[in-house]
Amino acid sequence: MPTHRKLAPTSPWTEVSAAKKDWHGADPGLLTSMFAQILLIRTFEEYVLDLAGQGLVHGPAHSSIGQEGGAVGSVSPLTGADFVGGSHRGHHQFLAKALAYVAPGGIDLRQPVDAEVRTVLLRSLAEICGLARGFCRGRGGSMHLQWRAAGAMGTNAIVGGGVPQAAGFAWSARQAGTDAVSVSYFGDGAVNIGSVLETMNLAAAWRLPVCFFIENNKYAVSTHVDEATAEPRLSARGLGFNIPSWRVDGMDPLAVHLAMSEAVDHMRAGRGPTIVEAEVYRYFHQNGPFPGSAFGYRTKDEEREWRARDPLALLSRQLVERGILTAEAIEECTARAKALLASVGDELLEPDPEGKPGTRRIKPAEWPDPSFRDVGVRGDLSEFENVRLVDSDTFEGRLEQRKFIDVVAEVMGRRMAEDESVVVMGEDVHRLKGGTNGATKGLAEAHPDRVLGTPISENAFAGLGGGIALDGRYKPVVEFMYADFMWVAADQIFNQIGKARHMFGGDGQGSGVPLVLRSKVAMGTGYGSQHSMDPAGVFATAPGWRIVAPSTPFDYVGLMNTALTCKDPVVVLEHTDLYGSVGPGPVDDLDYCLPVGRAAVRRTGSRITVVTYLAMTGHVLAAVEQLGLDAEVIDLRWLDRASLDWDTVGASIRKTNNVLIAEQGPVGTSYGGWLSDEIQRRYFDHLDQPVQRVHAGESSPSISKVLERAAIARTEEVVAALQRVTENCPSPVHQHTQEG
């Protein structure tokens, strides 16, 4: 017979409720302020639903009516220095933090509200309506509310998408030596998402002061929590990660306050993350003014039972019972809140001159100017105003033949020594004498608190890096061991980091997302289909990212320095073929930056322009040399739409009238696809034939050495293409005759 020994979790799991003595012992100011905030949020949400019913809210109106007690109760122990990040149903979370920030002493609706409180409501309503004076200039709407000054770091339309960022805010707070904490709000639907569970693990392993606040409202749209998980007590997730967890009735604001106070004390003491599960109930459907019963997935009896536990009604009863407020005072406060929202609405709305009597419209002057459409997709690069920019023709330092991988580690070591805000993270970056390729050699020994070896969880640590970048005090350098892994973290890379600047307004102070993503292209190494991709073509079609592709040691140093200076997210691509290569590189000057958006002409010529990048540059030069062809070879260096050097490319095309784009990867994720389209539209009148391309086939590289070689492009493919293309190229004499 086997021996059985019962195991117990290491971390505590506690249910908290407020007893009658807790209500009678609570600070009257706390209760009055929680009542005022819940009333303002409830009135705000009712007003939003009314506007939505009139067709004045474009897009969803995810009401939080019924859930306000969880948000207000959980924010009450926080300070203005603490961070919160919310869900797509996040009006109450955002407003609770913003109202607490502008009124840290509390709100008493028996008195006229401060102008700052009114402004919070006005700008929040304007944002939900998509108007220029909104917190995000109308770009965020209902689901993307951010006010960094208040520590409201952004609500998020991707379920669970903002959770990894919250860990980044927590890391920054701890690294800066503060006791600030971070709270990530999400619902029962997010609890089973990989990025959430990854972040719980990472936060526990690193003992980060982040609270995972679960608003368990029982339904992910119409799917009940009992259908989605075998353990519907969602705070039980904490047991698997050794995270202390609290479970509380979210319809009881005081109970939430008490549980959250314990969790905050735990985090401020440096004891790591917490989980608080608040059972709440949204009175309406996922979106709009109708109850769930109207769609058949909830019963009216269930809805009545939950409404009987309404947090606003509970607070009102307790205030009257304790003699803090009278029933008449509560009615007066309710009337004052409604009048306040009506006056806020009147500032944004006016009678519709073309509508039926009583209908309203948004005042035309409140809409954003359409010219603001693309402002802030990337920054204006003003951060480079006082930066030393050089290139190979103006560099005055000493150059020697250097091994590529050596300068990769050296320049990062230099930056970390000079700039304490630089932090490096990724799998194995702190081990193996510099990671799997030596790119972080010596960094962990010199800066152990800023070289972070991560779990294998790209979503979590990429998103954590995004949170650090949004916080702004540190510059994260995130390493993906292989470029293919970006698909694992696609939400964080493309939906979160890439879109954040623009989505949250784009042009305000501190709106940057200064993150560097390092990743290697490993074609030709035998690692097969899932470790070999060139991601340039994918990144080029995604908004927000700048793309750097260095092909020499000299360029790598300057481009990495530029990437670390830039306030936009920058992906730095590194090809494994280049790691062992030798080329000109700096010996004692590692502090220069290469200009953003400047290509390098590696060889001048007049018969054909060959545009290329990364390791393919060497293959192109070898092919041109082999053929003895009068070709101009342009190494792009910057690949994103905003940074591409059209001056250099255009001048060459006007000279040669023929273009070949040479890249190594498959046609499906091709960088040259969009580039050739852009060239042909810009320079159609200067082309003697369509833009020609070198790329691999459709398949990803295989493990077989023969099949792998067939799946990528190198010198031989460039030679064949140049021979084919130049057969149709007019000679310089013929060209001169045509133009003459």
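Position 1 is the first residue of the sequence; numbering continues from there.
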Got a sec, which residues hit ring pair (Phe, Tyr, Trp, His ring centres under 6.0 Å) with [X], two or more places apart in sequence or on another chain?
{"X": "F539", "answer": "F494, W545"}
{"X": "W638", "answer": "none"}
{"X": "H531", "answer": "Y482, F485, Y527"}
{"X": "F384", "answer": "none"}

[X]: salt bridge (charged side-chain N to carboxylate O under 4.0 Å, His left out) partners, not counting sequence neighbours:
{"X": "D374", "value": "none"}
{"X": "R388", "value": "D589"}
{"X": "D577", "value": "R714"}
{"X": "R402", "value": "E410"}

[X]-[Y] side chain donor-acceptor pair, cut-off 3.5 Å:
{"X": "S670", "Y": "R693", "result": "yes"}
{"X": "S700", "Y": "S529", "result": "no"}
{"X": "D428", "Y": "T436", "result": "no"}
{"X": "E574", "Y": "Y556", "result": "yes"}
{"X": "S643", "Y": "D640", "result": "yes"}

Considering only NZ, NE, NH1 and NH2 on the basic side and carboxylate oxygens on the acidic side, decide whether [X] and [Y] come within less than 4.0 Å.
{"X": "D645", "Y": "R598", "answer": "no"}
{"X": "E479", "Y": "R518", "answer": "yes"}
{"X": "K499", "Y": "D568", "answer": "no"}
{"X": "E727", "Y": "R724", "answer": "no"}

Side chains of [X] and [Y]: closer than 4.5 Å at any heavy-atom pair?
{"X": "Q680", "Y": "P690", "answer": "yes"}
{"X": "P569", "Y": "R546", "answer": "no"}
{"X": "M412", "Y": "V422", "answer": "yes"}
{"X": "V718", "Y": "T612", "answer": "no"}
{"X": "L559", "Y": "V572", "answer": "no"}
{"X": "N658", "Y": "L687", "answer": "no"}
{"X": "T648", "Y": "I634", "answer": "yes"}
{"X": "L452", "Y": "V423", "answer": "yes"}

Those residues that, when tested against [X], pass side-chain hydrogen bond (donor to acceptor under 3.5 Å, both in side chains) (two or more places apart):
{"X": "E716", "result": "R709"}
{"X": "E458", "result": "none"}
{"X": "Q496", "result": "N156, Q165, D491"}

Taking [atom1] in [X] as the centre, count heavy atoms belonging to other residues, nucleotides or ligands within less than 6.0 Å. Is the count above 12?
{"X": "E383", "atom1": "CD", "answer": "yes"}
{"X": "E418", "atom1": "CD", "answer": "yes"}
{"X": "R682", "atom1": "CZ", "answer": "yes"}
{"X": "I456", "atom1": "CD1", "answer": "no"}
{"X": "N386", "atom1": "CG", "answer": "no"}
{"X": "R473", "atom1": "CZ", "answer": "yes"}

Listing request: all ring pair (Phe, Tyr, Trp, His ring centres under 6.0 Å) pairs with a residue in residues 585-631, at least two apart in sequence or in separate chains.
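Sorted result for residues 585-631: F395-Y592, F554-Y592, Y613-Y671.
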
Please confirm whether the backbone N or O of [Y] pairs with a side-chain atom of [X], one donor and one acceptor, at under 3.5 Å?
{"X": "N561", "Y": "V557", "answer": "yes"}
{"X": "T440", "Y": "L443", "answer": "no"}
{"X": "Q146", "Y": "M153", "answer": "yes"}

Please determine which of R603, R654, K655 meets the salt bridge (charged side-chain N to carboxylate O under 4.0 Å, His left out) test together with E632.
K655

Classify the ring geometry between F480 and F461 as parallel (under 30°), tilted (30 to 60°) or perpendicular (over 60°).
perpendicular

